[in-house]
Protein chains: 2
Amino acid sequence: MLRIAKLTDYATVLMVRLAREPGRYFSAAQLAVELGVPQPTVAKLLKRLLRAHLLASTRGVGGGYSLALAPHAISVADVVGAIEGPLALTECARGKGNCSLERGCATRANWQLINHALRVALQAVSLADMARPQLQPVYVQALQEKMP
Amino acid sequence: MLRIAKLTDYATVLMVRLAREPGRYFSAAQLAVELGVPQPTVAKLLKRLLRAHLLASTRGVGGGYSLALAPHAISVADVVGAIEGPLALTECARGKGNCSLERGCATRANWQLINHALRVALQAVSLADMARPQLQPVYVQALQEKMP
DNA sequence: CTATACAGAACCAATGCAGTCCTATTTAGG
DNA sequence: CCTAAATAGGACTGCATTGGTTCTGTATAG
């Protein structure tokens, strides 16, 4: 089915929520209630996003999380990467040449290209775009500009 | 990591192999040896590809599998779809509205578009393309033509 | 009639993922 | 100075999916 992990899906929703009020700090508990997702799960996601330097945090009473960058400067690819690690459709696409089909495998280079197309598609859409109800025109324009 | 299943990867390699000699029939055993993948696994993949009407088969001695269509008429999206089912990045993207985040979830429509971009990218590349050592120019042209 | 090869289903082990819990550490406020 | 609120960073667990196997049945060439 080639789907992203459910947690990644949650993460994008979280990030879009934060993108709607860029300056404000939100606690994990607050976001959990607002989105209807269990609190520990939300906390875990926020931690991962923090480690990827997509969020800023302050501790203590009244603390919480906020975007580390402007909404238009964070792409969907960034969020996916933060939760799932660097994206690589095929096993061999991320080094580690433990692929039994090495010799004469002409498809590898081509997978890289498909891979790249996907990455571009995800990079072309920012949180600012996602926060819009429907981004059709922006999206199409960005994609066509950025396609290799 | 957003990667396709290993089996799907095998399947594309299989299909590309068949695409190199479109008329010829290959037995599962033969393909297994040639690719260095265990025979039962290859057999299973071939069955799935057959059910998706991407392959033709004949039984009995000297039987085997062959492409059901010309190499340029089968896309990578077809192969991925045959093994992994219809592709849908997000859970909600394939109906079944059991998503707790329903109300006010503006990101859904946008995911659909990203989804669509991926589908187009996979559809733009055929087995004939994959059989080429490097498809750069063809790929770029096809992608840019077909982008919505 | 037998050996070859596909057809289809059931089955099993292991990996990975969603989700929880526990123990620091930091900070605002009384 | 002490407490409550909040993040930081782990370790741990149950479940679902996936990769892979095995078995039984059916068709066909020679």
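Only this structure's heavy atoms are used, side chains among them; waters, hydrogens and symmetry mates stay out. Here is how names work: the chains are called A, B, and so on, in the same order as the sequence lines, proteins then strands, and each is numbered from 1.
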Which protein N or O atoms sit under 3.5 Å from an N or O of nucleotides 28-30 of chain D?
none

### Query
Tell me, for nucleotides 10-15 of chain C in 5' to 3' order, what letter each nucleotide earns: B for a base near a protein heavy atom under 4.0 Å, S for only sugar-phosphate near one, - for neither?
------
### Message
If you assign B/Ala29 and A/Thr41 each to the DNA chain C nucleotide with the nearest heavy atom, which residue ends up on the more 5' nucleotide?
### Response
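Whichever sits nearer the 5' end wins; that is B/Ala29.
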## Note on the structure
The answer to which of A/Pro38 and B/Gly64 contacts DNA chain C further toward the 5' end, by nearest nucleotide, is B/Gly64
### Task
Please test B/Leu49 against B/Ile83 for side-chain contact (heavy atoms from CB on, under 4.5 Å), starting from the C-alpha separation and ending with a verdict.
CA-CA 7 Å; B/Leu49 292 165; B/Ile83 305 298; 4.1 Å; yes
Counting side-chain heavy atoms from CB outward, which of [options] is closest to [X]?
X       : options                : value
A/Tyr65 : D/dT17, D/dA8, C/dA5   : D/dA8
B/Ala5  : D/dG20, D/dG19, C/dA18 : D/dG19
A/Tyr10 : D/dG20, C/dG19, D/dA6  : C/dG19
B/Pro40 : D/dG19, D/dT22, D/dA6  : D/dT22

Rounded distance (Å) that lies between atom [atom2] of [N] and atom [atom1] of [X]:
X       : N      : atom1 : atom2 : value
B/Leu14 : D/dG19 : CG    : P     : 14 Å
A/Gln30 : D/dA6  : CD    : P     : 8 Å
A/Ile83 : C/dG16 : CD1   : C1'   : 16 Å
B/Leu18 : C/dC6  : CG    : C1'   : 15 Å
A/Leu46 : C/dG19 : CG    : P     : 15 Å
A/Leu45 : D/dG9  : CG    : C1'   : 15 Å
A/Leu7  : C/dA18 : CG    : C1'   : 6 Å

### A/Arg48: salt bridge (Lys or Arg N to Asp or Glu O under 4.0 Å) partners, not counting sequence neighbours
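By the salt bridge (Lys or Arg N to Asp or Glu O under 4.0 Å) rule, A/Arg48 matches no residue at all.
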Check whether [X] reaches the backbone of [Y] with its side chain - one donor and one acceptor, N or O, closer than 3.5 Å.
X        : Y        : value
B/Glu84  : B/Thr8   : no
B/Glu34  : B/Leu31  : no
B/Asp129 : B/Ser126 : yes

### Task
Look at all strands and tell whether A/Ala28 reaches a base, only sugar-phosphate, or nothing, counting heavy atoms closer than 4.0 Å.
sugar-phosphate
### With B/Ala68 via side chain to side chain contact (heavy atoms under 4.5 Å, CB included) - residues at least two apart
none
To the nearest 0.5 Å, what is the distance between [atom1] ([X]) and [atom2] ([Y])?
X        : Y        : atom1 : atom2 : answer
B/Arg17  : B/Leu14  : CZ    : CG    : 10.5 Å
A/Leu118 : B/Ile4   : CG    : CD1   : 11.0 Å
B/Leu89  : B/His116 : CG    : NE2   : 12.5 Å
B/Asp9   : B/Lys6   : CG    : NZ    : 9.5 Å

### Shared hydrophobic cluster for A/Leu50 and A/Tyr25 (ILVMFWY, side-chain gaps under 4.5 Å)
no
### Message
Taking side-chain hydrogen bond (donor to acceptor under 3.5 Å, both in side chains) as the cut-off, I'd like each qualifying pair that reaches into residues 50-76 of chain A, sequence neighbours left out, listed once.
### Response
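The answer is A/Ser75-A/Asp78.
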### Task
Could you check which residues of residues 47-55 of chain B get a heavy atom under 4.0 Å from DNA chain C? Sort them by number, please.
B/Lys47, B/Leu50, B/Arg51
